[in-house]
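For the numbers below, each heavy atom of this structure counts, side chains included, while hydrogens, waters and symmetry mates do not. Throughout, protein chains are lettered first and strands after them, A, B, ... in sequence-line order, and every chain is numbered starting at 1.
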Amino acid sequence: MLCRASGILHRSACAVRLIEACALMVAVLCAVIGHDASAQEPRKGGILRMTAPYGTTLTSLDIHTTPRAQDGIVAKAIHRTLYRWDSAANSPVLELAKDVTVSNGGLVHTFKLRDDAYFHNGRKMTADDIIWSYTRIMDGSKGFPGARYIRLIKGAVDVEKGQAKEISGLKKIDDFTLEITITDKVQPGFYLIDDTTTILARENVESGAILTAPVGLGPFKFAEHIPGSRLVAERWEKFYKPGLPYLDKVVIQIMGEAAARDVAFRSKEVDISILGPAQYVAYREDPSLKNGLIDVAEFFTRSMGMNPSFKPFQDKRVRLAINHAIDADVIIKRLIKEKAFRASSWLPIGLDGYDPALKPYAFDPEQAKKLLAEAGYPNGFEFEWTTSQNESWGLPVVEAVIPMLAKVGITAKPKLVEAAVLTETILKGDFQAYIWSNSSGPDPLKALKGFHSATPRTAGNYVGFKNADYDKLVEQAAATDDAANRTQLLKQANALFYAEAPIWFFNYNKAVMAYQPWVHGLQKNAMELTHQYTEYLWVEATSPAK
Amino acid sequence: MLRLILKRVVNMVPTIAGVALVVFVLFSVIPGSFISSLMDDGRGGMDPAVVERMRRELGLDDPVAVRIVRYLGQLVVGDLGTSFRTREPVTRLIGQRLGASLELTFAAMGFAMLVGIPLGFYAALRPGSLIDTAAMIAAVSGLSLPKFWLGLMLMYLFAEYLHWLPSFGYGGWEHLILPALALGVSPMALLARTTRASVLEVINADFVRTARSKGMSETRVVTWHVARNALLLVLTTVGLQFGALMGQAVVVEKLFSWPGLGGLLVDSVVQRDIPAVQGGILVIVLFFLVINMLVDIAYVVIDPRIRAG
């Protein structure tokens, strides 16, 4: 308008200005778009401050000695196993090998190992390192938790028993070719992925240095450990994945206190933090935090185990009555604050064999009363329920369930014990009922084998489940070479276990992690959300960590 | 003086042996073990063969009597055993943590003494005044505040709201302030109350009246006669609080991710790492005994009557 009023001379000047203004706008637009694009482009450098939330210390820096989730957080930064978990595909994939060929009916696996994997002391990894690590785990004079996985390899048991010095199923073809013969037709990736089967440098272990300065094959090399406070690892320049890791440094802050983690996260002193139910509600409702949440249905099933040696629980109708008497949805909504998914069988969501067609037992107190009466307990009965303090599946849940059971005439008397005592009580079978959270993946076959009648209580059959039909289905699933048939058999076994109801099916854990807006590359690891493969993580330049 | 120190040191031996024995027996009979604790996060059971080997390796299968004798034998030569969890010598674990624990304890006690004693003294010199009332209200409040809650409030205020200090961690002096405050408020309050009571008792004593009647200046009366005599009770409180602080620091250390003995003890108890628990408790007891010995020595230095007695 102003231009029109100003004459021809002015008109040309205005046109120039208009062009300039347009050019400026285009430039600004390009800059904004360019900025957005660069924000999504992984950035090299920076520090990530993670939290190790499961206690006030790490158990040990010798990862072969500890199966705890807390130590796995460190392991994912410093160490590597033969396989790793691919969160996108929800399955194990090769990590320290480039290729594998399977022969002899699925029992012989020939791995073409990476020839570019270097330990943090500069030495190249070879087949000897894998053989040595697995042989160490099977040392019969020591108690390495990973033995339960390595036992899959032919001849491992002989070493364990002291009848052999070498595992016969491990054959070095050359420095970078390893033949592994296994005893069962299973996917070895489900076994050789556990942190307790990590490949270690022999010299680091034998010198004892592993306890204070571990050497691994991971993307970050150990730099500092202040016990009870933090562990720092720095980028390993010779890491075998080109261009990775992005970060310069990973700081793992050991923070066992949820309230302290909350303050630290809100004051931007940590970049990622796992949340409990109470925090989940607060973070979901906070506009500044709600967009920085990642969640995943972890392979953990929470349940009340019923001991068949306790007479009322021997009757399937009683067990079904308990499943009908408890309103699990209300507990998940009101108490757990929706930080869980309702369980509809043992196998959790996302696992091969999980059947979405199976529906959770309906909350139906009348049906529960009817079943109890049919079982000969019209007036109910009393049982002792062993529990820990855990906020997501311990005493608070038991206290919420007690009045529901009381309405159908069942009196549950809680027995509060420490976490370690709960484990011991369950392993000894010294309970009438317990409530616990158990790993139910990633291998559906292994998860269901846990309830095979031949599986001892200490190895997973906590409720002493015995069912010949179930055993047969699991055995058939283990024997078949046909993947589709195996899935079908697993579904049937899972459904049978559900129908027999040896447990109260409560929920699958919904793990939730809060992250700062400058953090990228987080993986929805259903095995354990805190276990992040750190090489894929990166931070924007806006991160305050220096 | 040397005789007194020697006597005190000799007296410590049965105390330490008694504590070691009690802790050992307690942890041998309570349910739960290190092995069961390894499975308490529900990540899967362990096969019986591994459990059996672990029990053998850690010596948990041996009779309690055998283990006690072995443990006491090790203790005599200063060997606190090997941690079940980390597989490191317990002395090394304690060595890694002791410095941070002492740092926190001394900082907390320093704060308590620097604030509590002058506050109590000042309140006693002006009984019934506004300052006296305010100081005593603050002291009672300080004594009643749970350390965990106080620590959280300090975190919210100074880290999250004001962004003045880090909320957790270990490093420079700025990391020390909040945990030291959280730990030091309770002894500060106790010291303020004790000092006030002690000074009030002395200030009305005959020898103070005599000193005043001799024409001695008020400053000299207070510093020479009142303070010196009141200090004995204050010193006793300081000694007891100092010794107890290291044990009380457990909550604060856990909250602030402070790498002291408290955190080591908490996880060691939870995971039934018996050698680490025993070692940690022994060090705390030893600290308590040494501090109290130093207080006894200080009595002698301050009060000639005790020296003569």
Side-chain angles (χ1 to χ4, degrees), chain A residues 54-62 65-70 140-145 147-148 151 160 211-212 226-230 253-257 259-261 263-264 266-267 269 300 388 417-425 427 436-439 450 456-462 528, chain B residues 30-58 83 85-88 92-93 96-97 100 148 151-152 155-156 159-161 163 166-170 253-260 262-264 266-268 270-272:
Chain A
Y54 306 120
T56 55
T57 55
L58 300 173
T59 305
S60 172
L61 294 183
D62 181 353
T65 66
T66 164
R68 295 179 69 85
Q70 178 91 327
S141 66
K142 304 251 166 36
F144 290 116
R148 65 194 299 235
R151 202 172 285 139
E160 187 177 26
L211 297 174
T212 50
I226 298 179
S229 187
R230 64 175 176 264
Q253 303 285 0
I254 302 161
M255 300 183 76
E257 207 53 65
R261 287 198 304 275
V263 176
R266 288 170 185 269
S267 54
E269 293 173 79
F300 280 87
S388 74
V417 295
E418 280 180 87
V421 180
L422 176 71
T423 315
E424 192 168 86
T425 306
L427 297 185
W436 207 10
S437 172
N438 295 105
S439 171
R457 202 183 289 276
T458 45
N461 194 358
Y462 308 118
E528 169 65 52
Chain B
I30 59 168
S33 72
F34 169 66
I35 298 160
S36 63
S37 84
L38 283 178
M39 292 176 267
D40 67 13
D41 57 7
R43 291 167 61 79
M46 264 206 243
D47 55 52
V50 173
V51 171
E52 194 186 309
R53 280 208 299 276
M54 280 183 121
R55 290 192 65 83
R56 206 170 47 230
E57 190 190 354
L58 301 174
S83 161
R85 289 184 300 150
T86 68
R87 317 277 168 132
E88 291 174 89
R92 189 196 289 171
L93 292 188
Q96 287 168 342
R97 306 260 190 161
F148 184 84
L152 263 182
M155 279 175 156
Y156 282 128
E160 190 181 334
Y161 184 68
H163 295 286
S167 68
F168 73 98
Y170 182 68
E253 287 182 5
K254 192 176 176 213
L255 186 65
F256 288 94
S257 297
W258 189 262
L264 176 72
V266 170
D267 267 15
S268 300
V270 170
Q271 290 190 43
R272 300 290 191 269

Can you check whether B:Ser167's main-chain N or O pairs, donor with acceptor, with A:Glu269's side chain at less than 3.5 Å? yes

Are B:Arg272 and A:Glu418 ion-paired here, with the side-chain N under 4.0 Å from a carboxylate O? yes

Kindly indicate whether the side chain of A:Thr66, heavy atoms from C-beta on, has any atom under 4.5 Å from the side chain of B:Arg87. no

Locate the shortest heavy-atom distance separating A:Ala260 from B:Leu255; write the atom from each residue and the value. CB-O, 3.2 Å

Of the listed residues (A:Pro456, A:Gly140, A:Gly450, A:Ser388), which shares the most heavy-atom pairs with chain B below a 4.5 Å separation? A:Gly140

CG/A:Asp62 to OG1/B:Thr86 distance, rounded to the nearest 0.5 angstrom? 10.0 Å

Side-chain contact test, heavy atoms from C-beta onward, threshold under 4.5 Å: evaluate it for A:Thr212 versus B:Glu88 and give yes or no. yes

A:Glu257 bridged to B:Lys254 by N-O distance under 4.0 Å: yes

N/O donor-acceptor pair under 3.5 Å between A:Arg68 side chain and B:Ser37 backbone: yes

Taken to the nearest 0.5 Å, the spacing of B:Ile35 CD1 from A:Thr423 OG1 works out to 12.0 Å

Please check this pair: side chain of A:Ser229 against backbone of B:Ser257, looking for a donor-acceptor N/O pair closer than 3.5 Å. yes

Using heavy-atom distances under 4.5 Å, tell me whether A:Leu422 contacts chain B through its side chain, its backbone, both, or neither. neither

Nearest 0.5 Å, what's the CZ-CZ distance between A:Arg230 and B:Phe168? 9.0 Å

Between B:Arg55 and chain A, which part of the residue has a heavy atom less than 4.5 Å away: side chain, backbone, both or neither? neither

B:Tyr156: what forms a side chain to side chain donor-acceptor pair (under 3.5 Å) with it, not counting sequence neighbours? none

Side chains of A:Ser141 and B:Arg56: is there a donor and an acceptor less than 3.5 Å apart? no

Ranked by heavy-atom pairs below 4.5 Å to chain B, first place among A:Pro227, A:Ala147, A:Ala264 goes to A:Pro227

Shorter than 4.5 Å, heavy atoms on both sides: which option in A:Ser60, A:Gly55, A:Gly256 has the most such pairs with chain B? A:Ser60

Where does A:Arg261 contact chain B at under 4.5 Å (heavy atoms): side chain, backbone, both or neither? neither

Kindly give the heavy-atom pair with the smallest separation between B:Glu160 and A:Ser267, and that separation in Å. CA-CB, 3.7 Å

So for A:Leu61, is it side chain, backbone, both, or neither that comes closer than 4.5 Å to the heavy atoms of chain B? neither

Is the closest side-chain heavy-atom distance between A:Val263 and B:Leu152 below 4.5 Å? yes

Given the options B:Gly169, B:Pro166, B:Ala100, which has more heavy-atom pairs under 4.5 Å with chain A than any of the others? B:Pro166

If you apply the rule side-chain contact (heavy atoms from CB on, under 4.5 Å), what do you find for A:Lys142 with B:Met54, and how did you get there? CA-CA 6 Å; A:Lys142 304 251 166 36; B:Met54 280 183 121; over 6 Å; no

Apply ring-ring contact (aromatic ring centres under 6.0 Å, His included) to B:Tyr170 and list each qualifying residue two or more places apart in sequence or on a separate chain. B:Trp258

Could you look at B:Phe148 and say if it's the side chain, the backbone, both or neither that has a heavy atom under 4.5 Å from chain A? side chain

Side-chain touch A:Thr57/B:Arg85, heavy atoms, less than 4.5 angstrom: yes

Need one label for B:Gln271: side chain, backbone, both or neither, based on atoms under 4.5 Å from any heavy atom in chain A. side chain

